[in-house]
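Have a look at the structure below, then the notes.
We count residues from 1, following the sequence as given.
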Amino acid sequence: MQEELIFIGNQVSCRYVSVSDGGTPLAITFQQRLPENVDKSINQLGFAQRFLEKIKINAFHVLIHENHWYQTGEIFECIEAIKKRSEYNLATRRILYGSSMGAYASLLFMKQFRLNSVIAISPLFSIDRKKVPDEKRWGKDLVGLEFLYDEIPQSISIYTDVYIIYDPYSADRLHVDLLNISGATLLRLPFSGHPSSIYLSETGMLSYLVKNIMNGHLGPSDVGYLIRLAFRKRRSARSFYINLFRLVYAKRKMIMSDYILFLGRINFPGDPFFKKIQK
């Protein structure tokens, strides 16, 4: 395995990780939003970096040095650095992959690349309150943030397969409705929360799903079947009970919320979330 920093900026950087001699797909990932206490230096791991290394897929990982939602001119310098590489130009398949803020970036910059697919997990249309007044999350990130590149509808390529995985009972539904991407495969995963990747990982479906989309082994109908299978395996997902409980409790349906807590405690005995809630 070889790693190389191909672009280093003040706002974004990019690492290329080679784990195969060729003949495999090339992934391009955009970092998701990072918590305040997480390393944002060039030493950070890229989004899904260890997973892609494990399944032997070469990847360019776009890194962030603050949660700027990719509103920086450096991102285009970074993209150009990727496109100049022989590994990009010789790849037989190219896939953008991101979650949450990274999924937003994957859709926002997809026209900048020659792609086969985009995998966007729990994507956002925008966090600009002028565009999405009902969005209440990530308010801290708005302080001092100037929206320079925030027009996803103008950035969509009709020649690329787009897979959007999201929870239709969460705040993410509004964003997916606003995205309104013609021809996109919408994969609805009820009560998976934000991001839906946590649920998919808990059900054991995430790695299989992503690996096979990247390798071109799954089409929209196949992926839809796997998402339905993941929902049938919901009892093995801790996040399913947590998200369902929060939704029901917010609606003040106390008998049902008590029952969901009961099921959570049975399926995940000793789990701190279910233990700490006393009703």
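Around NZ of K83, the count of heavy atoms belonging to other residues, nucleotides or ligands within 6.0 Å exceeds 12. When the shell of 6.0 Å around CZ of F147 is examined, it contains more than 12 heavy atoms from other residues, nucleotides or ligands.
A donor-acceptor pair is defined here as one N or O able to donate and one able to accept, closer than 3.5 Å; such a pair exists between the side chain of R129 and the backbone of I127. The closest donor-acceptor contact from the side chain of S100 to the backbone of G102 lies at 3.5 Å or more, if one exists at all. Looking only at distances, no side-chain donor or acceptor of N58 sits under 3.5 Å from a matching main-chain atom of A27. The main-chain N or O of S196 is found under 3.5 Å from a side-chain atom of S122 such that the two form a donor-acceptor pair. No donor-acceptor distance shorter than 3.5 angstrom exists from the side chain of K253 to the backbone of L247, with no hydrogens or angles considered. Here the side chain of K233 pairs no donor or acceptor atom with the backbone of L200 at under 3.5 angstrom.
Between I28 and I95, every side-chain heavy-atom pair lies at or beyond the 4.5 Å cut-off. L179 places a side-chain heavy atom less than 4.5 Å from the side chain of L107. Put simply, the side chain of I242 does not reach to within 4.5 Å of the side chain of F245, judged on heavy atoms. Side-chain contact between W69 and D141 is present, with at least one heavy-atom pair separated by less than 4.5 Å. E53 is listed as a side-chain neighbour of E3, based on a closest heavy-atom distance under 4.5 Å. Looking at L187 and Y166, their side chains never come closer than 4.5 Å, going by heavy atoms from C-beta outward. Counting heavy atoms from C-beta outward, R85 and I6 have side chains that approach closer than 4.5 Å. For the pair L206/I121, a side-chain contact is recorded, criterion being any heavy-atom separation below 4.5 Å from C-beta on.
The cationic atom of R252 (NZ for Lys, CZ for Arg) lies less than 6.0 Å from the six-membered ring centre of Y249 and within 45° of the ring axis. Figure legend: cation-pi geometry between R94 and Y88, with NZ or CZ positioned under 6.0 Å from the six-membered ring centre and within 45° of its axis. Both the sub-6.0 Å distance and the 45° axial angle are satisfied by R234 relative to the ring of F231.
Of all the heavy atoms in T92 and N116, the pair that sits closest is O-OD1, 3.9 Å. Residues N267 and R235 share a closest heavy-atom pair of OD1-O, 4.0 Å. Taking all atoms of both residues into account, the shortest heavy-atom contact from L189 to A230 is CD1-CB, 4.3 Å. Here the shortest heavy-atom pairing between S13 and I42 reads OG-CG2, 3.8 Å. Nearest heavy atom pair, residue A184 against residue I164, reads CB-CD1, 4.5 Å. Smallest separation of non-hydrogen atoms from I64 and N67: CD1-OD1, 3.5 Å.
Judged purely by distance below 3.5 Å, without hydrogens or angles, the side chains of H65 and S41 never pair a donor atom with an acceptor atom. With no hydrogens or angles considered, a side-chain donor-acceptor pair links Q31 and Q44 at under 3.5 Å. No hydrogens or angles considered: a donor-acceptor pair under 3.5 Å links the side chains of H61 and T29. Side chains of S239 and E202: a donor on one and an acceptor on the other come within 3.5 Å. Under the 3.5 Å distance criterion, with hydrogens and angles disregarded, a donor-acceptor pair is assigned to the side chains of D150 and S126.
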### Task
List the steps and the verdict of side chain to side chain contact (heavy atoms under 4.5 Å, CB included) for Q71 and L145.
CA-CA 8 Å; Q71 302 302 305; L145 184 63; 4.0 Å; yes

### Audit row: M214, I57, side chain to side chain contact (heavy atoms under 4.5 Å, CB included) steps and yes/no
CA-CA 9 Å; M214 287 192 172; I57 289 182; 3.8 Å; yes

#### Entry: F30 vs Y104, side chain to side chain contact (heavy atoms under 4.5 Å, CB included): CA-CA, chis, key distance, verdict
CA-CA 9 Å; F30 286 91; Y104 161 81; over 6 Å; no

### Query
Does the side chain to side chain contact (heavy atoms under 4.5 Å, CB included) test come out yes or no for R93 and L115, once each step is laid out?
CA-CA 7 Å; R93 286 181 56 80; L115 301 169; over 6 Å; no

### Task
Just do the salt bridge (Lys or Arg N to Asp or Glu O under 4.0 Å) check on K131 and E151 with the steps written out, would you?
CA-CA 10 Å; K131 293 183 177 180; E151 298 297 333; 2.8 Å; yes

### Query
Between E4 and R15, does a salt bridge (Lys or Arg N to Asp or Glu O under 4.0 Å) hold up when you go through it step by step?
CA-CA 6 Å; E4 179 186 355; R15 177 186 300 117; over 6 Å; no

### Task
Begin from the C-alpha positions of D172 and R137 and carry the test salt bridge (Lys or Arg N to Asp or Glu O under 4.0 Å) through to its verdict.
CA-CA 11 Å; D172 294 342; R137 299 168 290 181; 3.0 Å; yes

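Taking the six-membered ring for Trp, F76 and F109 have ring centres closer than 6.0 Å. Aromatic pair Y70/Y149: ring centres not closer than 6.0 Å. Two rings, from F268 and F273, have their centers 6.0 Å or more apart. Checked against the 6.0 Å centroid threshold, W138 and H68 do not count as a close aromatic pair. Between F47 and Y97, the distance separating the two ring centers is shorter than 6.0 angstrom.
Follow the hydrophobic side-chain contacts under 4.5 Å out from L26 and you reach V162 in the same cluster. The hydrophobic cluster containing Y159 does not contain Y163, counting ILVMFWY residues as joined when their side-chain heavy atoms lie under 4.5 angstrom apart, directly or transitively.
Taken to the nearest 0.5 Å, the CG atom of L186 stands 11.0 Å off from the CD1 atom of I165. Separation of atoms OG (S207) and CG (N212) is listed at 9.0 Å; rounding is to 0.5 Å. R265 CZ to I260 CD1: the interatomic distance, rounded to the nearest 0.5 Å, is 12.0 Å. In this structure, CD1 on I55 lies 12.5 Å from OH on Y208, to the nearest 0.5 angstrom. Interatomic distance, CG of D222 versus OH of Y225, reported as 10.5 Å (0.5 Å rounding). Here L5 contributes atom CG and N43 contributes atom CG; the two are 8.5 Å apart, rounded to the nearest 0.5 Å.
With respect to the salt-bridge test (charged N to carboxylate O, under 4.0 angstrom), the residues D167 and R173 do not qualify.
Through direct or relayed side-chain contacts under 4.5 Å between Ile, Leu, Val, Met, Phe, Trp and Tyr, M1 connects to V17, V19.
Listed by first and then second residue, the ring pair (Phe, Tyr, Trp, His ring centres under 6.0 Å) pairs involving residues 7-27 are Y16-F60 (not counting sequence neighbours).
Remark: S197 engages no residue in a side-chain hydrogen bond (donor to acceptor under 3.5 Å, both in side chains) (not counting sequence neighbours).
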